[in-house]
Number of protein chains: 2
Amino acid sequence: MASGGEEHGHEEHALQVFVFVIALLFAARLGGRLANRIKQPAVLGELLAGVAVGALGLLQGSFGNFVATTKSDPILHWVAMVGVILLLFKSGLEENIHEMKEVGGRATLVAVVGVVLPVAGGIAFTYFLLPGHSMLVYVFFGATLAATSVGITAAVFDNFKFKSTETRIVLGAAVVDDIIGLVILGVLSAVAQGGEVSGSFIAIAVVKAVGFLGVSILLGRLLAPSISKGFSRLHSGPEMKMAMALVFCGLYAYGAKVLAGLEPIVGAFAAGLVLDAVHFEKFEEPEIAKKLKLWAGLVEGKRVQKELELEAEHAREGHVEDLIEGMTKFFVPIFFIVTGMAVDLRVFKDPQVLLMAGGLTIVAFVGKYACGFAAGKGTNKSLVGFGMVPRGEVGLIFANLGKSYGVLNEKSFAIAVVVVIATTFIAPPLIAKAIRKSQNDELPETKRQGAKAAAVAE
Amino acid sequence: MASGGEEHGHEEHALQVFVFVIALLFAARLGGRLANRIKQPAVLGELLAGVAVGALGLLQGSFGNFVATTKSDPILHWVAMVGVILLLFKSGLEENIHEMKEVGGRATLVAVVGVVLPVAGGIAFTYFLLPGHSMLVYVFFGATLAATSVGITAAVFDNFKFKSTETRIVLGAAVVDDIIGLVILGVLSAVAQGGEVSGSFIAIAVVKAVGFLGVSILLGRLLAPSISKGFSRLHSGPEMKMAMALVFCGLYAYGAKVLAGLEPIVGAFAAGLVLDAVHFEKFEEPEIAKKLKLWAGLVEGKRVQKELELEAEHAREGHVEDLIEGMTKFFVPIFFIVTGMAVDLRVFKDPQVLLMAGGLTIVAFVGKYACGFAAGKGTNKSLVGFGMVPRGEVGLIFANLGKSYGVLNEKSFAIAVVVVIATTFIAPPLIAKAIRKSQNDELPETKRQGAKAAAVAE
């Protein structure tokens with residue numbers, strides 16, 4: 001146990017980070033709640049709470065310094081990463097793999113259109129309004145607008161407990177989107193570093209990505225039944241099942257990154273899709289189930305009896321979502337508040353930057369919104385379009401890459417960052433609006449109440 | 001959001017740590033389950049699983065290196081720290097502050113005896129069997145045996161869902177124990193660094209520690225009612241309540257460390273004691289509660305009706321424990337497996353070390369066991385005694401300090417570490433045995449079944 005002393009040495013810093021993380025959780029909840037108060041999705045409030053905290057880091061004095069240094073603490077960013085991985089794992093668990101396959105074609109189309117339009121638009125816009133740069137600069141601007149950050153959209157869907165063809169198309173499109181983004185990223189890195197880009201390079205990247213997803217999902221589906229059986233047999237309460245589900249999620253997330261170069265969240269989503277099929281019987285019969293059975297025996301009246309028995313059955317069935325719920329409640333909000341914290345308000349100081357960014361944001365917005373029309377008839381096209389708008393951390397990866405290769409200068413980088421921020425913050429209210437609309441159109445009175453309730457809950 | 005790129009850079013390492021932590025969770029669960037199989041508390045299995053993982057770190061090759069480096073990763077140790085803080089917070093929540101006060105006197109006596117005996121014994125033993133060292137060396141050996149690591153004992157109590165006068169005495173004694181240990185630590189540090197130790201120094205340390213606990217608990221108890229009211233009024237589901245409970249826990253843990261120099265877990269325990277009084281009505285009426293009410297209206301027969309109504313009421317009431325349960329299931333096992341991982345099996349190679357350590361372990365064991373007799377009549381003295389035996393991370397802090405000041409040489413340090421390890425691993429089975437015995441003595445047949453069930457559950 002020789003690390004005891006070491007631990008003791010780091011202890012105070014670790015404690016500070018613990019208190020900071022908890023304070024962030026509280027701030028995120030507060031922001032989320034205020035957002036719900038004004039009928040906005042919690043995630044918007046969580047992002048804005050992050051911006052507020054980030055601003056504290058600009059203050060002079062020891063407190064400002066503490067925030068400024070702690071906001072980039074690796075432990076904090078680890079918690080945020082776990083948060084977004086669990087969020088996409090959850091989204092996968094709540095989706096049905098067969099229904100996903102049904103929308104596969106449309107999702108791919110949406111993704112392709114959703115990449116082509118903003119990239120083309122971005123290149124054209126910057127080419128004409130930021131003249132005198134190399135073509136590579138314009139391409140980087142375009143690329144920054146390419147990829148959707150599905151985390152934001154997934155959180156809004158989750159907030160409204162909303163599931164439909166549209167949610168499936170958006171989530172599916174985001175996966176394809178990530179594959180395309182991966183290829184663009186690879187190509188740009190090669191070019192920026194003065195390398196050659198062969199067709200085989202692109203082919204290999206695509207094959208690896210598609211291959212990984214295909215194999216892992218297929219494999220998972222073959223294993224799912226035996227996993228279910230295993231889960232039911234495990235005589236060890238929910239703890240062991242939770243650990244197994246997490247191992248599954250972790251391996252897929254890691255495999256996506258290491259074997260296929262995909263974002264870990266894509267792997268986590270795939271893991272969720274696979275485990276969605278997994279149900280199991282709880283080992284320890286819950287107290288409530290026992291009581292319900294007892295009552296079923298005692299009461300007169302077949303109908304109530306039947307209901308009591310059904311409820312008892314239901315109480316015995318476990319779902320993977322339930323196993324990780326407590327964890328998601330802690331980790332997920334940290335991801336959004338950390339995303340918000342990363343906003344450096346100083347980039348808004350330069351009016352020219354804002355002007356350019358404003359224009360480019362419109363291009364970025366219209367390009368993704370338009371791809372909603374590729375969703376085909378019978379779907380709420382604005383909902384799909386809005387769902388694809390947020391760029392979040394994915395767009396930043398491009399911008400940062402461009403900066404690190406010296407392709408984007410300080411000003412160009414600032415512009416790209418503002419565009420990413422804008423798309424990330426515009427989207428949630430619009431998605432929420434579209435969801436409410438489609439719910440009010442489609443749902444009978446009773447369900448609509450439920451939807452409203454869900455909207456203000458969380 | 002300018003940290004996007006950075007994040008991307010650290011991403012692969014963060015992912016590896018994520019997968020490693022999850023693998024550890026799985027290993028801990030496996031160990032815990034096997035331990036339960038042979039009627040041992042889960043924590044013993046989790047500790048041993050940690051030793052096994054630690055041994056993997058001794059392997060040659062990249063895997064061995066990966067384990068060896070990752071086992072000291074700050075993120076992993078942060079997760080472990082959060083785990084033990086949440087564990088003691090939970091223990092506090094499950095204890096009753098009034099009942100704690102009743103045993104206060106006896107707990108203090110147990111703590112004092114439990115420090116004096118092993119310290120005196122340790123000094124005498126090493127003085128005669130390790131001659132030729134300075135007095136400070138012997139004092140350090142004695143000090144290493146002083147403090148109890150309550151985490152281990154708390155986990156065993158938790159495993160058996162066991163609560164009694166004895167658990168209260170042990171938990172209370174561990175708090176007093178920590179105050180005494182704090183003073184000894186301060187004095188030794190001063191002496192080892194050749195400083196003077198004034199009586200005022202000691203007085204200040206004690207006043208700070210006792211003052212912090214007194215004020216924070218008093219303050220918390222005054223606030224508890226209004227917190228309860230606030231919790232029930234919060235129209236924001238359990239998420240916000242969970243965040244508030246964690247803020248409370250975090251501030252107490254941090255305050256204990258920074259304001260009073262106590263272990264953070266002592267602060268977390270105090271926070272739990274205070275919040276134990278907090279109950280609240282769930283904002284969203286759970287589905288099951290609605291149904292139960294409905295059925296209560298439908299069924300004939302007053303008795304079932306009444307029961308259904310009561311159950312519906314019960315389903316509406318929330319407790320702070322429930323809010324953090326999901327988190328504890330993830331964080332707590334990591335603490336124990338990390339504690340086990342810190343065991344460096346190489347210290348067992350030297351037979352002379354083992355011989356000395358064996359003797360000193362007996363002293364360490366008897367010293368703490370004997371303090372159980374200070375618990376007064378009407379209590380299960382062995383249970384209290386065994387509960388005080390484990391030294392865990394607290395003993396290591398002393399050993400490491402002695403080493404870092406050059407007071408303990410490599411061999412002396414190895415001896416001290418082996419003693420700490422031994423006390424930590426002997427205790428859980430003995431505590432479990434004592435609990436089962438007292439349960440079988442006191443409980444009627446039916447309850448005994450329950451106790452057995454609890455024993456194998458988890």
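From a predicted model like this one, the values you see are computed outputs, not experimental measurements. Throughout, a chain's letter reflects where its sequence line sits, starting with A, and its residues are numbered from 1.
Contacts between V21(A) and chain B at a heavy-atom distance below 4.5 Å involve the side chain alone, from C-beta outward. Only the side chain of V19(A) comes within less than 4.5 Å of a heavy atom of chain B; its backbone N, CA, C and O stay farther away. I324(B) does not touch chain A: none of its heavy atoms, backbone or side chain, sits under 4.5 Å away. Contact annotation for V258(B): only side-chain heavy atoms (C-beta onward) come within less than 4.5 Å of a heavy atom of chain A.
The minimum heavy-atom distance linking D73(A) with I75(A) is given by the pair OD1-N, 2.8 Å. The two residues P333(A) and R29(A) make their nearest non-hydrogen contact at CG-NH2, 3.4 Å.
Note on ring orientation: taking the six-membered ring where Trp is involved, the planes of F331(A) and F331(B) are parallel (angle under 30°, cut-offs 30° and 60°).
Side-chain contact between I85(A) and L15(B): present, with at least one pair of heavy atoms (C-beta onward) separated by less than 4.5 Å.
Taking A399(A), C249(A), G326(A), A414(A) one by one and counting their heavy-atom pairs under 4.5 Å with chain B, the maximum is reached by G326(A). Per-residue heavy-atom pair counts under 4.5 Å with chain B were compared for V79(A), T328(A), V51(A), L30(A), and the maximum is reached by L30(A).
Summarising the geometry, atom CE belonging to M244(B) is positioned 5.5 Å from atom CZ belonging to F26(A); distances are rounded to the nearest 0.5 Å.
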